[in-house]
2 protein chains.
Amino acid sequence: MPIKQNIKVAVDAIVFGYAHDTLNVLLIKQKFGEMKNQWALVGGFVKDNETLLQAVNRELEEEAGLKVNYLEQLYTFGDELQRDPRFRVISVAYFALVNSQNLKPVADTDADEAKWFAINELPPLAFDHLAILQKAHQRLKAKLTYQPIGFDLLPDEFLFSELENLYCTILEKEIDRRNFHKKIDSFGIIEESEKPALKKVGRPAKFYRFNKQKYSQLYEEGFVFEIKFA
Amino acid sequence: MPIKQNIKVAVDAIVFGYAHDTLNVLLIKQKFGEMKNQWALVGGFVKDNETLLQAVNRELEEEAGLKVNYLEQLYTFGDELQRDPRFRVISVAYFALVNSQNLKPVADTDADEAKWFAINELPPLAFDHLAILQKAHQRLKAKLTYQPIGFDLLPDEFLFSELENLYCTILEKEIDRRNFHKKIDSFGIIEESEKPALKKVGRPAKFYRFNKQKYSQLYEEGFVFEIKFA
DNA sequence: CCAAAAGTGTTTCCCGTACACCCATGC
DNA sequence: GCATGGGTGTACGGGAAACACTTTTGG
């Protein structure tokens with residue numbers, strides 16, 4: 001019994017980056033199609049012979065020349081029958097983080113422009129991409145508190161104040177510097193870097209590194225990362 | 001530019017039920033197709049003009065004559081190119097809970113048999129359904145601790161001991177009866193029922209109800225449900 | 001020596017944990 | 001009156017929260 005079905009499968013990626021105390025999202029302006037000149041998430045249709053993961057990575061590469069630090073499936077949007085006016089589409093959305101070191105995308109073949117937008121200065125978006133983005137934003141906030149993904153948004157070597165600021169900014173909360181430091185320290189998953197302190201104004205700050213191996217090891221042993229503040 | 005793509009979209013549902021101190025999963029034995037006589041999750045292909053949610057609910061109705069208490073999207077499985085030997089399929093899996101009152105499915109049109117299996121006495125499953133089921137099981141365990149979904153597995157009026165047992169069984173942990181009672185009580189989301197106590201052996205136990213409205217209200221106010229035990 | 005940002009310790013309080021005895025019923 | 005399961009209180013300890021001064025540098 002052959003199955004008749006005319007639904008197209010797409011993938012979309014919500015890529016977050018963090019720079020200058022601001023959370024940013026990567027958007028592209030489409031060159032072709034119905035939604036020409038509209039800003040949209042990175043994404044496209046899945047090929048018959050590639051996995052969903054391969055599809056997202058390909059789109060990231062093609063549309064923004066980007067390699068991400070963290071990637072996970074977010075949600076599948078398929079309850080809007082008229083999402084794309086051309087035909088029925090369901091979209092598997094992925095959630096991605098890039099290290100602020102590689103936060104300079106270059107527009108590539110498919111898109112004529114790829115650009116970072118501050119999360120609270122978004123342009124109008126194509127399709128239901130705003131809803132997708134909001135869901136991703138929620139997920140980011142939630143995960144930040146129970147998984148060490150903040151490090152995937154920072155350079156390999158970072159200052160404690162940067163980490164702290166990242167948490168404050170994304171969670172929109174005040175955090176006590178001393179308690180935060182104490183807590184993070186107690187996990188034993190970050191270590192001082194030998195990188196010489198930067199000299200600007202005030203007392204120079206030390207650089208730190210996230211010890212991913214150590215974290216994985218602790219994780220296996222049942223350790224639970226958790227940051228919660230009033 | 002027309003898109004050529006030959007991928008079929010299916011939905012699958014992992015339905016959990018709880019009865020006699022055991023966690024159960026609903027499986028169906030397929031009447032037709034390549035996988036004839038194999039046990040599989042409830043599921044099927046999405047129609048062009050129905051949403052994903054409608055598709056799951058339809059399948060639940062058609063294959064098991066079932067209305068569920070809780071339903072949420074779990075994950076989309078599309079990284080196995082050879083999942084279904086007939087053609088490329090991606091499957092959007094849903095996670096469902098049924099109240100033990102309606103835990104008597106009747107086989108309907110599509111399937112010749114629908115049956116509950118204890119979670120640790122599963123038959124061999126079709127496709128990658130075992131992997132899906134395991135992911136759902138994980139999710140259930142996790143959610144139980146931070147969302148009041150346990151109540152969706154119990155009758156509307158239940159005993160404290162039933163609730164406690166549900167937690168013990170699913171989380172595979174010993175729980176101190178007094179501390180558990182105290183914690184749940186402190187939330188203020190369950191209330192005594194007027195239903196007269198059942199008389200069996202020992203002191204009769206009171207019935208309780210989950211006050212969903214109260215929970216929603218508290219939730220809006222920032223209340224966080226959380227059950228954690230050593 | 002002043003300004004600017006980084007670093008650090010102590011006390012308090014609440015919540016999670018451990019733990020055991022009495023109560024209501026049926027037989 | 002005894003067996004069975006249901007219901008409840010208290011004491012302790014650890015971790016989260018609140019809180020402010022000292023240190024290092026540049027100008």
Side-chain angles (χ1 to χ4, degrees), chain A residues 20-21 144-146 148 154-155 157-169 171-209 218 222-230, chain B residues 20-21 144-146 148 154-155 157-169 171-209 218 222-230:
Chain A
H20 312 296
D21 297 345
L144 212 51
T145 70
Y146 64 85
L154 290 174
E157 312 211 287
F158 56 87
L159 308 177
F160 233 106
S161 58
E162 293 177 319
L163 184 63
E164 189 197 321
N165 255 304
L166 185 149
Y167 271 86
C168 290
T169 308
L171 299 181
E172 298 170 289
K173 278 185 183 168
E174 298 280 308
I175 294 178
D176 182 273
R177 190 156 33 113
R178 285 162 292 185
N179 291 337
F180 182 74
H181 202 301
K182 215 184 305 170
K183 182 74 161 282
I184 298 280
D185 254 358
S186 75
F187 295 155
I189 56 176
I190 70 166
E191 54 195 21
E192 278 192 40
S193 143
E194 309 75 32
K195 186 169 171 180
L198 221 65
K199 288 167 190 165
K200 292 190 292 192
V201 217
R203 176 172 174 173
K206 298 175 203 154
F207 279 97
Y208 292 87
R209 260 196 309 270
L218 287 170
F223 164 74
V224 180
F225 178 92
E226 189 169 34
I227 304 269
K228 290 236 174 105
F229 289 102
Chain B
H20 312 295
D21 297 347
L144 212 51
T145 69
Y146 65 86
L154 290 176
E157 313 212 287
F158 54 87
L159 308 177
F160 233 106
S161 58
E162 294 177 318
L163 183 63
E164 189 197 322
N165 255 305
L166 185 149
Y167 270 86
C168 289
T169 308
L171 299 180
E172 297 170 288
K173 277 184 183 166
E174 298 279 307
I175 293 179
D176 182 274
R177 192 161 28 118
R178 285 163 291 186
N179 292 338
F180 182 74
H181 202 301
K182 214 183 307 171
K183 184 73 161 283
I184 298 278
D185 253 357
S186 75
F187 294 155
I189 56 177
I190 70 166
E191 53 194 23
E192 278 192 40
S193 143
E194 308 74 33
K195 186 169 171 179
L198 221 67
K199 288 166 190 167
K200 290 190 293 192
V201 217
R203 176 173 175 174
K206 297 175 203 155
F207 279 97
Y208 293 88
R209 259 196 310 268
L218 288 170
F223 164 75
V224 181
F225 178 92
E226 190 169 33
I227 303 271
K228 289 235 174 105
F229 289 102

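Quick note on labels: first sequence line is chain A, next is B, and so on, each numbered from 1.
Sequence order on DNA chain C of the closest nucleotides to K206(A) and K200(B) puts K206(A) first from the 5' end. Positionally, the nearest nucleotide of DNA chain C for G202(A) lies more toward the 5' end than for the other of R178(A) and G202(A).
Rounding to whole angstrom units, CD of residue E174(A) and C1' of dC19(D) are separated by 15 Å. Taking atom CZ on F180(A) and atom C1' on dC19(D), their separation rounds to 18 Å, with Å as the unit. Taking atom CD of E164(A) as the reference point, atom C1' of dA5(C) lies 11 Å away to the nearest angstrom. If you measure from atom CG of D176(A) to atom P of dA17(D), you get 10 Å, rounded to the nearest angstrom. Separating the CZ atom of F207(A) from the C1' atom of dA6(C) is a distance of 13 Å, rounded to the nearest angstrom. Computed from coordinates, the E226(B) CD to dC15(C) P distance equals 13 Å when rounded to whole Å.
No cation-pi contact links K173(A) to F229(A), judged by a cut-off of 6.0 Å to the six-membered ring centre and 45° from its axis.
The aromatic rings of Y208(A) and F158(A) sit tilted relative to each other, their planes meeting at an angle between 30° and 60°.
Contact annotation: side chain of K182(A) to base of dT10(C), donor-acceptor pair present below 3.5 Å. For a distance-only test at 3.5 Å, the side chain of K183(B) fails to qualify as a donor-acceptor partner of the base of dT17(C). Side-chain to base pairing of R177(A) with dG7(C): one donor and one acceptor N or O lie within less than 3.5 Å of each other.
Counting only heavy atoms from C-beta outward, the side chains of L218(B) and F225(B) never approach each other to under 4.5 Å.
In this structure, H181(B) reaches the dT8(D) phosphate: one of its side-chain N or O atoms is under 4.0 Å from OP1 or OP2.
In the set dA4(C), dT23(D), dG7(D), the nucleotide with an atom closest to the side chain of R203(A) is dT23(D). The listed nucleotides are dA24(C), dG6(D), dC19(C); the one nearest the side chain of N179(B) is dC19(C).
Pairing each heavy atom of L159(B) with each of K206(B), the nearest pair is CD2-O, 3.3 Å.
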